[in-house]
Structure formats: C-alpha cells, structure tokens
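Okay, structure first, notes after.
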Amino acid sequence: TYSIGFTDMQEKQLLNHMADKEQRPLPGRSNHDENLSQSAKKFQEAVCVLLVELCERFTFFGIVCNMILFCTVRLGYRNYQAAIVNMCFVGTSVLTPVLAGWLAECLVGRIKLVCVCMFLHFLGTALLPVVAFPFEDVYIDRRHILHMLSKREQKIVFYFALLTASLGIGGIRAIVCPLSAYNLEDCGPKELFSFFNWFNWLVNLNSAVVFVSISYIQKSVARNLGFLIPFVSVLMAMITIHMVRGEMIYKPKTDSSLLTTFGVIASALKKTCCVRYRYFSGSMTNWLDHAKENYGGQYSETQVESTKLLSRLFPLFAFQILYRTCIMQIPSGYYLQTMNSNLHFSGFVLPVAAMNVISIVPLLILVPILEQINSCLFNAKDTGRSPTIFIGQLSAALSVMVAGFSEIHRKHFPQVEQTLSEEVLLVSSMPCFHLAPQYILLGVAEALVTPSCSLLAFRLVPERIRGISMHFLTLFNGAGCFMGAFFVHTAHAGTQGNWFPHLLHEGKLERFFFFLASLMMVNTLGFWTIAHRYWHSLRQSYGNLGLHFYGNLPETLMK
C-alpha cells in the first residue's frame, strides 16, 4: 500500500484501452500482426503488461521488505539509518516516474528510454546480491569464498544498486502504460470514482500476491532470494522488449508539459518579487497573472489559466504529505516493531513481510463495499463534505496512535532469543499479531483516501492538464516519503536516539508515534476545513453532467 502505483497497468483498464485501439489501427504493423484476431491480440497485450507489473512489484517489494533487516544485521546500520534508507528508496521510486515521463516526452523518446530503464533496473537488481554475498550456500568451502567486500565497498555498491533500480522502476511505471492511456475523458465523477476504487483494489491485490510469494520464499529458500530478484528483472526485460517490438506500448497525447507548469509558477514568483504592489493592474486578480504575455510574461492565457486551476488543488495535495508519512511507517517503524516481536506461530517463524498482508486485507474488503455506496456518496444533498478522505486520514492518525500503545504493551513482555537472517536477536516475547490493529487501520485509510484523492486530482482540472495534475499528486506523495525520513532523523538527533532507538526496549519509540499521531490529527482537522470546496465542485459537476461541465467548474473553483 505504500507503493504509489498510479502508472501501473491493470487488466480492467487495459481492456478499455485495447477497445479504443481496435478502432484506430497504428501504422507500421506487420501483416502478421494485422492477421491476428482482435481478441487474441487483446489477450496477449493484457498478459504482457500484467506480467511486467507483477515482475516489477516482485523486485520492488523484494528490496523494500528485506532492506531494514539487511541494513541492520549485515551492514551494521542503526535502526534509524536503516529506516531512512528504506523511506528514501521508496520516495525515489515514487518520484522517478514523473522524471521518466518528462524525459520520454521532451528529450529521449519512449522506446529508447524504456530500454535504458530496463538496463538500469537489471543492473541495480543484479548488484544487490553482490552486496549480500557471501551466503553460506555459495561458499566453495569454509576457506574459499567467492568474494569478500569491505564494509565501505559494500555500502558504495549498495547505494549505487538502489539508485539504478529506482531509476529503472520509474521508467517502467511511467512508460509501459501511463494513466493518460486510459480512456477516462468522457467519464463522470461516479464512473471515475469506481475506476480509481477498483484500480486501487487491483494494485493491492497484486501487492498481496507478491507479499505472500516473498514471505514463502523467505521461509523456504531465503538464501537464494538474491538470485531470484535479478532473474525476475531479466524476465521483465524480455517481456518489455517483446512489447516494444510488437508496438504494445501506448504513446499518450502531449497536450501539456510539467515543465511549462513549473515555468509559469517560477515566472510569476519572479515578477511578483520584483513588482511593487501599487503597480498591480486592476484587472489582475491572481499572482499567477504576472506570467501572462499581457503583463510582460512569456506564457499564453491558456497556459496560465490552466496553472491557476491546478494551483487550487495544491492545498489538497499538501495535506497528503503527512498522511503519506504515516503510511511510510509500514516499511519503517512498524517493521522494526514486528522485527522485535515474537514471530513464532504454530511451530514455524513468520517472515516479517507477512505482516504487510494484514494492511492489504481490509482494503480488499472495503473497496467492493465502497462501490456499493458509490451512488450515495455522490447523490447526498448535504453541504458537499464527503467524509471519505477525512475518515481515512483520521484512521491513519489512530493507527499511529495505536502503534504507540502497542509499543508500550510490547515492552511489558519478557525478552527471548530469536534468529533472523542467521543472527540471534533479543526480542519481546509478545506475539507479532498483537500489532495487527495498527496495520488494519492503515489499510482502511488507504482504501478511503487514495481513490478519492485521485478522483479529485483528475476531475477538477481541464482535460489538457489532467496528466500534470496526477504528476503533482505523485510529487507530493513522494515528498511525504522524504518527510518521513526527515522526521526519523530529527527525532533521533533531537533526542539523542531516545525516540528512535537502536534497541527498542531501551528507548521510547512510542513517543515518536504519539508525536506523529498528534501532527496527523492536526493535519486531518486542517483538511476538514477545506474539503468542502473540492467536493462541492465535484458534486455540482455531477449534477450538471447534461450541461457543459467545464463551463461552470472553473468559476466554482475560483471562489
């Protein structure tokens, strides 16, 4: 749930796209491709994209699920350092699709860039086992090891591998099939909410399958996991190359540019700082008007007005930063709690990654329920305040608060020895399932927040900048990952390791959770004060679908 994969392809959306492609055959298709039946072609493309997505998620979660354990046990990192590295890797993987999408549109080209990204992905995933060596089962004998790297060399290779893998992940998510490939322009709010609801459900269903697979591998063939990740990456590369040769990678329309949006904002800020207030024109109603050609700027009226509409969503995006920081506790704070709890269950040791499935189960259950009450959410005749995002953010705050109480409860249990990654650790004898409530609450939060935010970001802007709006939502989500890393570093440095300790039973990790919960509660209340303007605009558009939608929406958002 902490991997923001709105650029991933799912079967349901892919079939809609394929139906459109059937009516507009692309030039350059070979005679063999033209002779294939339409149903067989759709099935082939759906299988290819699904396999690429599954392979990408397997490699991504294979890295994330093992990083803290590897950093603390193998590289000797402190807990806070391992958590920071993990969150920075996730944040970079979230942001790189935006960079890759821009490069594909403006500089490199989609086919060349996807090949480069596949090479980077394989290079990164192939280097990670090099850092993890030597495993006991690849010894020639006890006196001859395949290789031996110093700690410094291991860290250099480790960081280089993470960087190249994250760049490769970004290109795959952005290019194989971006969100703009889906035919959503003619959908109303109700249909869009259903789309993002099931989109999120399918993404997390794949995540659950991957987590279960990784957990089984860690239990049965854990020492060979390092070999499986680059193998899966090679398999993904082969499928992607087949898609490139078969012209299965969709090229979206490029009606707007992320660079143009940043240029409008930068130009307006520069002129705002240089021009005194008394020189403002009476017809200038917004600071972004400084970027218009009529006022000495270099951007057209359409470009500036589109940016003004997009800027109305910035408060919504800003309130997602702290929420994403709470979600990032799954691969950081919650992971450390689970790692330091009793993982024994019915005679065998559960992998730490198995607990992540608990956060996905409530989402898989809630999405069909939300689909049933979809009409009620949009037809309600109240003030326009939808409770979904508010309740979701409140659930995230409660989850972090419950994590604090769970940490207090965990330290009351006596310590026992537990073997993880061939290292004997002293952990609490509290069963790890006592941590399930905090995972469940975050799963509920994701089910309520993510589809609704995607709906607002996509619907409340003109069609020509919808892709840019989704990019900005991704940028703010990535900022939430880095904000989580900043909080961990600040808490550790400011309290001399007491709030984020290396030995949990000797520190006060619960205070960090309570601090984060209090910030999230304030964030939730702040969002509630502005939520009505967005949902009022959305519901007004839903009630006026028979009219021209974009004739009324901009004025509503300007209020």
>> Which residues pass the ring-ring contact (aromatic ring centres under 6.0 Å, His included) test with Tyr323, not counting sequence neighbours?
In response: none
> Looking at residues at least two apart in the chain, or sitting in another chain, which of them share a side-chain contact (heavy atoms from CB on, under 4.5 Å) with Lys112?
Replying inline: Val108
> Among all residues two or more places apart in sequence or in another chain, which pass the ring-ring contact (aromatic ring centres under 6.0 Å, His included) test with Phe158?
Replying inline: Phe70
> Looking at His434, Gln438, Arg410, which hits side-chain hydrogen bond (donor to acceptor under 3.5 Å, both in side chains) with Gln337?
Replying inline: Gln438
> So, Tyr334 and Ser399: side-chain donor and acceptor under 3.5 Å apart, yes or no?
Replying inline: yes
>> So, using ring-ring contact (aromatic ring centres under 6.0 Å, His included) as the criterion, who are the partners of Phe119 when residues are at least two apart?
In response: none
>> Please enumerate all residues that pass ring-ring contact (aromatic ring centres under 6.0 Å, His included) together with Phe433, with sequence neighbours excluded.
In response: Phe345
>> If the condition is side-chain contact (heavy atoms from CB on, under 4.5 Å), which residues does Leu475 pass it with, not counting sequence neighbours?
In response: Leu95, Val98, Phe262, Phe472
> Which residues pass the side-chain contact (heavy atoms from CB on, under 4.5 Å) test with Val361, sequence neighbours left out?
Replying inline: Val357, Ile365
> Do any pairs count as a side chain to side chain donor-acceptor pair (under 3.5 Å) and have a residue in residues 80-95, sequence neighbours left out, and if so which ones?
Replying inline: none
> Looking at residues at least two apart in the chain, or sitting in another chain, which of them share a side chain to side chain donor-acceptor pair (under 3.5 Å) with Gln329?
Replying inline: none
>> For a quick check under 3.5 Å, do Thr59 and His121 share a side-chain donor-acceptor pair by atom type?
In response: yes
>> Restricting to side chain to side chain donor-acceptor pair (under 3.5 Å), what partner residues turn up for His502, sequence neighbours left out?
In response: none
>> If I take atom CG from residue Asn79 and atom CG from residue Leu504, how far apart are they, to the nearest 0.5 angstrom?
In response: 5.5 Å
> For Ala485 and Ile84, which heavy atoms make the closest approach, and how far apart are they?
Replying inline: O-CG1, 3.7 Å
> In chain order, what residues pass the side-chain contact (heavy atoms from CB on, under 4.5 Å) check against Ala491, with sequence neighbours excluded?
Replying inline: Trp499, Phe512
> Does Thr325 have any side chain to side chain donor-acceptor pair (under 3.5 Å) partners at least two apart in sequence or in another chain, and if so, which?
Replying inline: none
